[in-house]
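Everything below concerns the one structure shown next.
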Number of protein chains: 2
Amino acid sequence: MRPIPNDVKRVTCIGTGTIGGGFVAQFLASGYDVTAYDPGKNAQDFLERLLDQAWPLLEQIGLRPGASRGRLRFTQDLEEAVSGAEFVQESVPEDLELKVQTYKQLDELLPNDIVIGSSTAGFPMTDIQKRCRFPERTVVTHPVNPPYLIPLVEVVGGEKTDLAVLDWTAAFFQAAGKRVLRMEKEVFGFVINRLQSALFREALHMIAADQATVTQIDECITHALGLRWACMGPFATFHLGGGDGGLGAFMDMVGKVEWRAPYVTEGPLPDWTPALRERILQQAQEVIDGRTISQMIEERNQTIIGLLKLREESRLNASKRT
Amino acid sequence: MRPIPNDVKRVTCIGTGTIGGGFVAQFLASGYDVTAYDPGKNAQDFLERLLDQAWPLLEQIGLRPGASRGRLRFTQDLEEAVSGAEFVQESVPEDLELKVQTYKQLDELLPNDIVIGSSTAGFPMTDIQKRCRFPERTVVTHPVNPPYLIPLVEVVGGEKTDLAVLDWTAAFFQAAGKRVLRMEKEVFGFVINRLQSALFREALHMIAADQATVTQIDECITHALGLRWACMGPFATFHLGGGDGGLGAFMDMVGKVEWRAPYVTEGPLPDWTPALRERILQQAQEVIDGRTISQMIEERNQTIIGLLKLREESRLNASKRT
């Protein structure tokens with residue numbers, strides 16, 4: 001029987017890689033009992049290392065009352081994993097058939113009103129839920145890596161998803177301390193990845209055409225665009241680029257120029273060839289600059305935590321002064 | 001006679017709107033004598049207000065020795081503006097014919113070896129320089145708003161630009177305290193705007209198709225993607241999304257899924273209709289949330305300054321610990 005969103009105490013995470021493990025960290029820090037399931041050989045070890053890295057940061061942000069790593073139970077028995085679950089977050093590898101199968105199993109094992117959210121980065125729930133007896137309780141709950149630091153969770157249903165389940169899921173993630181981006185329409189890739197992929201696709205085109213290197217593209221973000229997007233989205237950004245006229249003036253200006261100009265590569269994506277893959281991996285070494293992945297993750301996490309605080313202060317100060 | 005990059009003392013800025021005025025602030029803070037020219041009726045007033053807002057921040061970041069607002073001279077006489085200039089930054093409105101005309105005039109007024117950089121956000125220097133007698137000294141020096149806070153300046157030449165001028169320009173902007181993104185190929189829109197426009201174009205498509213609102217798109221950036229791009233570019237980001245396998249593992253995963261998926265709108269840009277413009281402006285009010293433009297600018301600027309410091313610390317700490 002589905003509890004009301006604020007009464008949820010037991011959450012199950014299916015799949016504990018970078019994303020699923022990140023959700024485990026988030027739910028533990030939010031004070032839930034978390035059961036984690038992953039059939040992988042070194043899954044538990046990977047999860048423990050992820051928690052070792054995430055936990056001190058979550059302590060820094062502030063744990064919910066009762067939050068404890070001791071409330072994590074790891075199992076490789078699916079039936080045991082879901083027993084007593086009041087919400088299930090699925091984060092198995094990004095393979096549609098695997099997700100359909102997993103949902104079919106979960107649908108059979110779980111009481112028919114327990115909500116099953118998917119971390120899928122792009123498959124429509126309409127395709128994932130198709131073999132469920134109770135598809136109305138299935139919903140996409142798409143996070144952004146790392147799920148324990150990035151506030152946003154994209155919530156969108158499939159054709160058969162019950163609207164009440166969307167409401168419940170949005171309320172549950174708000175109670176869990178996340179910021180919910182609720183989408184009314186099922187768009188392939190959802191909104192976050194549509195935006196992210198549009199930029200990445202253009203980057204791939206430029207690298208494939210030898211117009212730019214991985215370093216040049218990453219520098220455009222790190223030392224330019226990312227500094228603005230750290231503060232606001234593209235529309236707010238352009239609102240500040242049009243002088244006193246704001247967004248309207250800016251759009252009149254670009255309406256004359258940019259959108260008519262061949263600014264963006266049209267046509268299909270570049271072929272994902274081994275050669276392109278090799279070029280990217282090789283060029284990326286300059287960006288990685290000898291840092292280990294965990295060093296880079298720590299660097300990123302520290303920056304994100306500081307930035308979240310920084311933005312609150314900046315907004316406060318700006319409102320005070322002006 | 002062109003001085004060596006580190007000996008430049010006198011800079012002229014042609015056009016003093018948001019971008020040109022931002023360059024004035026940057027050059028003043030870097031300790032140059034700056035002559036500013038803009039024929040606009042309220043140009044000087046706009047520039048003074050821009051400096052009133054920028055200067056306290058530049059003081060916070062740290063002014064170069066001798067830097068002073070007192071070293072600014074504003075004139076509406078072009079000939080007077082360029083006399084004695086050792087570098088000229090052109091930031092007239094984004095209109096190709098106007099830029100071609102302006103370059104023709106500057107080319108006639110200036111000694112033939114003085115470098116003329118353009119803030120153009122997209123016109124190839126090959127098109128801008130075509131009526132110059134000495135096109136070899138013309139170069140695109142494209143900033144990102146606000147030029148006095150965003151480190152990156154994109155430096156790219158046209159067909160007739162002298163390679164030595166590209167070297168000189170890169171060295172000059174480094175001396176002026178900027179980070180130079182030197183591009184070898186002249187790509188329409190350059191790299192920064194290709195990336196930015198790819199994302200913005202996708203946003204326009206989603207808004208035009210009523211798949212997402214301005215607020216939803218801005219939230220994807222503010223509360224998700226922007227937090228990561230505040231730390232690193234897309235390739236480094238994905239390097240941290242592939243578990244222990246890093247970028248290679250990530251690309252193998254997405255190679256299977258995302259690039260084959262219809263992730264990004266293909267085909268031409270959506271029509272820039274008055275209706276679309278209206279929809280965007282109306283939806284944007286939710287993002288603006290009653291803040292004045294100068295309030296938002298101050299908020300953004302404070303966040304960018306703090307973020308730049310924060311990133312240095314995060315990198316230091318991460319390297320120490322790991």
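It should be emphasised that the depicted structure is a prediction, and the values quoted were computed from it without experimental measurement. Lettering follows sequence order; numbering is per chain, from 1. The figures that follow rest on heavy atoms only: side chains count, while hydrogens, waters and symmetry mates do not.
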Top residue by heavy-atom pair count (under 4.5 Å) with chain A, among [options]?
options: B:A203, B:G21, B:G226; result: B:G226
options: B:I19, B:I305, B:D289; result: B:D289
options: B:L96, B:T215, B:L50, B:L281; result: B:L281
options: B:D210, B:L308, B:T237, B:T213; result: B:D210

Select one option (side chain, backbone, both, neither) describing which atoms of [X] are under 4.5 Å from chain A's heavy atoms.
X: B:L276; value: neither
X: B:R300; value: both
X: B:I304; value: both
X: B:R291; value: side chain
X: B:T18; value: side chain

Next item on the list: Step by step, work out the side-chain hydrogen bond (donor to acceptor under 3.5 Å, both in side chains) result for A:Q196 and B:R228.
Entry: CA-CA 11 Å; A:Q196 176 167 241; B:R228 299 198 301 196; 2.6 Å; yes
How far does [atom1] of [X] sit from [atom2] of [Y], to the nearest 0.5 angstrom?
X: A:D218; Y: B:M232; atom1: CG; atom2: CE; value: 9.0 Å
X: B:L247; Y: A:Q285; atom1: CG; atom2: CD; value: 8.5 Å
X: A:L199; Y: B:R201; atom1: CG; atom2: CZ; value: 13.0 Å
X: B:M296; Y: A:R315; atom1: CE; atom2: CZ; value: 8.0 Å
X: B:L227; Y: A:N301; atom1: CG; atom2: CG; value: 11.5 Å
X: B:C231; Y: A:Q302; atom1: SG; atom2: CD; value: 10.5 Å

Check: Are B:R311 and A:E299 within salt-bridge range, i.e. N to O under 4.0 Å?
Finding: no
Counting heavy-atom pairs closer than 4.5 Å to chain B, which one of [options] comes out on top?
options: A:E219, A:E313, A:H223; value: A:H223
options: A:V214, A:V187, A:I297, A:V153; value: A:V214
options: A:G248, A:A284, A:G17, A:G22; value: A:G248

Considering all heavy atoms of both residues, which atom of [X] and which atom of [Y] are nearest to each other, and what is their separation?
X: B:M251; Y: A:I280; answer: SD-CG2, 3.8 Å
X: A:V191; Y: B:A212; answer: CG2-CB, 4.1 Å
X: B:A230; Y: A:L307; answer: CB-CD2, 3.5 Å
X: B:L195; Y: A:C220; answer: CD1-CB, 3.8 Å
X: A:V144; Y: B:A224; answer: CG2-CB, 3.8 Å
X: A:L240; Y: B:N145; answer: O-ND2, 3.3 Å

Item checked: Main-chain N/O of B:R182 paired to A:Q216 side chain as donor or acceptor, under 3.5 Å -> yes
Notebook entry, point to check: Side chain of B:E298, backbone of A:N317: donor and acceptor closer than 3.5 Å?
Noted result: no
Margin query: Using the side-chain contact (heavy atoms from CB on, under 4.5 Å) definition, which of the options A:I221, A:V287, A:I217 pairs with B:F235?
Written below: A:I217
Margin query: Quick check on A:R277 against chain B: is it the side chain, the backbone, both or neither that has a heavy atom closer than 4.5 Å?
Written below: both
Notebook entry, point to check: Run the side chain to side chain contact (heavy atoms under 4.5 Å, CB included) check on B:Q211 and A:M183 step by step: do they pass?
Noted result: CA-CA 8 Å; B:Q211 294 171 329; A:M183 301 307 302; over 6 Å; no
Next item on the list: Evaluate the ring planes of A:W229 and B:W229, with Trp represented by its six-membered ring, and classify them as parallel (under 30°), tilted (30 to 60°) or perpendicular (over 60°).
Entry: tilted
Next item on the list: Give a yes or no on whether B:Q60 atom CD has more than 12 heavy-atom contacts from other residues, nucleotides or ligands under 6.0 Å away.
Entry: yes
